Structures are given as structure tokens and as C-alpha cells.
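Here is the structure we will look at, set down as C-alpha cells.
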There are 2 protein chains.
Amino acid sequence: MNLPPLTQAFVLHFGEMGSRWGINRTVGQIYALLYLSPRPLCADDIVEALGISRSNVSMGLRELQAWNLVILKHLPGDRRDHFTTPEDVWQILRIIAEERKKREVDPTLSVLRGLLMQQPSSEEERHAQARMAEMHGLIERLATWYEDVKRLDTERLAALLALGARVTRLLEAKDKVVGLVRGGRGAAAGE
Amino acid sequence: MNLPPLTQAFVLHFGEMGSRWGINRTVGQIYALLYLSPRPLCADDIVEALGISRSNVSMGLRELQAWNLVILKHLPGDRRDHFTTPEDVWQILRIIAEERKKREVDPTLSVLRGLLMQQPSSEEERHAQARMAEMHGLIERLATWYEDVKRLDTERLAALLALGARVTRLLEAKDKVVGLVRGGRGAAAGE
DNA sequence: CTGCAGTTTCAGAAATTTCTGAAACTCATA
DNA sequence: TATGAGTTTCAGAAATTTCTGAAACTGCAG
């Protein structure tokens, strides 16, 4: 691996974190490299930059495509596929959230649903099912919230984040205001 | 493994998902078992229930303790440690969020900070650093939001979730109302 | 003390995941 | 349709992770 020091440090870090993030070292490194690169890279550029085998790069790129984390570009006059990552970090965030939900949450949600349909065959099972119901309820709430929030455009999403916990102040204010407005003039605060 | 069918299905599922969640199969299974159990279990109960070695259980419990996901109970007249999970699923959610942040986000945040302090030594590096700055900015925003939200009590948190994307309506309403209230009667909406 | 129930540690075995090189495939173009 | 640049696949090698049994440790009870 022969990269400028900052790039190299970033790439190595992504490699190390990869396993914690549910991808492997190579995939992490490839992603990091593409993320930093000012222009699309082809597979051989990656082989060169990271010093790993061609087939490993191919598999890594395949996995990143499954994650929707790379974009395929065709440079004019070059048959080879070239790859970049989406530019916009908010877009990347959305993709990662979506994919992690799909992989880490949805399967459990559907298993829970299945198990909650069944007839418990003992007191033990009745209790177990109640616990599953609690878990299911929470996950479903989170999932609904996420489905909702992910549709927001970036500007609104950013505004919401910036507001942080102060939304609740707003929430409480709402109740007051709703009363106030209802008792006074026309509608202003919806719902 | 000899468990009632619903329990067994849940335990096996957690085992399979374990690797996606950053824990291993055994740890997933132990957690699932404790989560469903109506009473605290000791290590040997777990060996018995899951059919795995005593030392494996010991390591698994140790890891779950590192995650703060189990509670140690001492039953009167029994020297052995017994384990449960926190009862409240919201509490569990908080713990998982905290631990995942600590493991999956904080290290990257600190590496990014370090790299952003350095002097870029070329145009390439300057660009790479700009990309890192974008990533750092986003992650820091998310982290701040999280720090903020995690302090909410469960009731408020639940209310916020339930509101979902509709908060933005409220946000927009706020602007209107603030004007309206300012131009009309006494203060109602804070901030 | 000594014995013993209970727990932890750890080196190596087993299982799983990742990585490689060689072979197979694809498809534009000469 | 033959060539070859580029890509993918896949079986086995290498590395890593997980799991086990045996040995070491801990601290209470007699």
C-alpha cells in the first residue's frame, strides 16, 4: 500500500473498523479509498493502491454494490468499470441506515411477528411471548419513526437534528398554543 | 438444547443474528435466553439450556457484562451468580445505543479529529481532508443530537417517536405561531 | 488451615470467514 | 467468428474467530 499519509491512515482505520460495522477489512478499505478519491477508480487502481488481489477487489466491489454504497461510472474511451461513492454525506447516511435496517432489524421483526402468532403451550411460553411482544412493540415503533423521518428532505432533517432535545419544549409549547389559538383566532398549529 | 418451541426459535434466531449485531452466536443465544426467562439463571442453567461448554458461557456472560446488558443477582442461600437482563425494553434500547456508539462511532470520530489537525502535504491530501471534514461534520451532528435525545425520559422519547416526521409540521407551525403570538398577545412558544 | 463449590483463564481444536490464483466467462471490435 | 481486454467465479489456502476441556484461582465453611 503506497498512499499519501492522511489517506493511508483513514483507509487503515476503515479497515480496522470494518468488522465492527458488519463489513470486512478489505471492503472497509475499498470504501474509504473511493470515498476520498477525487475521481472514479477502476478495480486495478484499487489493487494497486491497497496491495490486495484482483479477485478480492472484485468481491469487495460486489459487496459494496449490494450495499448501494458505490456508483458505477463509465469513462469515455475506457471499457473498464470505474467506481465512486455518492458525494453527499447525507445521502450516504440514508443508504447506510436503510441497509442496516434491512439486515439487522427486519429479519428479527418478521421472526417476532411469526412467533407472536403461535399458540403458547405453557405458562413459560406465555411469559416468553409477552416479552417478545414488548420487544416487537418497541422495534415496530422505531421502524415506523424511521420510515417517517427518512422521507424528510435533507434541510428539514438537518433542522430537526439541530433542534435536538429542544423539540420537546416545542412539543409542550404546542399543547399550550393549541389551546390558546383554539380559544382565540384561526387555526395555526396543525394536528 | 431442550427448550419450549417458541423460546427455542427465538434463541436460535438471536444466535444467527448475533454476528450481524457485532456479538457472536453464543452471546446472542445467552442474551435471548435471559431476556425470555421469568427468573434469573445461573451459568449452569445456561449450559444446560443451550448445550454449550461451561467456559463458553462464562466468556459469553463476561461479554454481556461488558455491554451492560445483564444484571447480576444473588439469590439468598445460593453462592452462585445469577443473571437477568434489564426488564424495561426502553432501557435496553438506551444501553445498546450507548454501547454501539462507543464501539462503532467514537473511535472514528477521534481518528477523524486527529487527521483533520494535520497539515495536508499535497493537493490530493487537501481534497481528502475536505472529504473527511464533511464526514466528521455529519457524525458530530448526529452524536450531538444523540447526546441530547438520550437524556429525555422515556415518556417524552416515546412521544417524540410517535410524532415521527410530523414534528416538522410543528416546526413550521412554530414559525407562524411565534409571529402570530408576538404580534397578538403574551408569550406562549418558547425559544 | 483444608476442602470444596463455584468461577475464570488459557492454550489449542474446531469452525468460520477472508483472501488468493487460476480458470471460466463476456462482449466489443478487427 | 477469433481475439483479447476486462471481469467474475470458485476451490482451496490463510487468517481469524469461536469454542472447549483442563488447570488455576477464589473465598467461604468446617
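These figures come from a predicted structure and were not determined experimentally. Basis for what follows: all heavy atoms, side chains included, without hydrogens, waters or symmetry-related copies. Per chain, numbering begins at 1; letters A, B, ... match sequence-line order.
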Problem set entry | Distance-only side-chain donor-acceptor flag, A:D78 / A:H74, under 3.5 Å |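 Absent: no donor and acceptor within the cut-off.
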Exercise. Do B:T84 and B:R39 get their side chains close enough for a donor-acceptor pair, meaning under 3.5 Å?
Worked result: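 The criterion, which ignores hydrogens and geometry beyond distance, is not satisfied for B:R39 and B:T84.
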Exercise. Looking at DNA chain C, which of residues 33-62 of chain A put a heavy atom within less than 4.0 Å of it?
Worked result: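 Here the set is A:I52, A:S53, A:S55, A:N56.
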Problem set entry | Sorted by number, the residues of residues 8-19 of chain B with heavy-atom contact under 4.0 Å to DNA chain C |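 Of all residues in residues 8-19 of chain B, none places a heavy atom under 4.0 Å from DNA chain C.
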Exercise. Atom CZ of A:R79 to atom P of D:dA5: distance rounded to whole Å?
Worked result: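 My rounded result for the distance is 9 Å.
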For this session: Over all heavy atoms of both residues, which pair between B:M132 and A:F10 is shortest? Give the atoms and the distance, please.
Result: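 Smallest heavy-atom distance, with atoms named: CE-CB, 3.8 Å.
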Exercise. Which pair of non-hydrogen atoms, one from B:V27 and one from B:N24, has the smallest distance, and what is that distance?
Worked result: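 What the structure gives for the nearest pair is N-OD1, 3.0 Å.
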Problem set entry | Residue list, ring pair (Phe, Tyr, Trp, His ring centres under 6.0 Å) with A:W67, at least two apart or on another chain |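 None.
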For this session: Could you tell me from which nucleotide to which nucleotide of DNA chain C, 5' to 3', there is an atom under 4.0 Å from chain B heavy atoms?
Result: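 Reading along DNA chain C, I get C:dA5 to C:dT16.
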Problem set entry | Geometric class of the B:W21/B:F14 ring pair [parallel <30°, tilted 30-60°, perpendicular >60°] |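 B:F14 vs B:W21 ring planes: perpendicular.
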Problem set entry | Toward the 5' end of DNA chain D, by each residue's nearest nucleotide, A:R25 or B:V27 |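 Its nearest nucleotide being more 5', the pick is A:R25.
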For this session: Check B:K101, B:E98, B:R141 against B:Y146 for a side chain to side chain donor-acceptor pair (under 3.5 Å) and give me the one that passes.
Result: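 It is B:E98, the one option of B:K101, B:E98, B:R141 that forms the side chain to side chain donor-acceptor pair (under 3.5 Å) with B:Y146.
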For this session: First locate atom CZ of A:R100, then atom CD1 of A:I95, and finally report the distance between them rounded to the nearest 0.5 Å.
Result: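 If I round to the nearest 0.5 Å, the distance is 14.5 Å.
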Exercise. For A:R103, what residues pass the salt bridge (Lys or Arg N to Asp or Glu O under 4.0 Å) criterion, not counting sequence neighbours?
Worked result: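 Once residues adjacent in sequence are excluded, the partners of A:R103 under the salt bridge (Lys or Arg N to Asp or Glu O under 4.0 Å) criterion are A:E99.
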Exercise. Can you list the residues that meet the salt bridge (Lys or Arg N to Asp or Glu O under 4.0 Å) rule with A:R126, with sequence neighbours excluded?
Worked result: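 Testing A:R126 for salt bridge (Lys or Arg N to Asp or Glu O under 4.0 Å), a comparison that skips the adjacent residues, returns A:E123.
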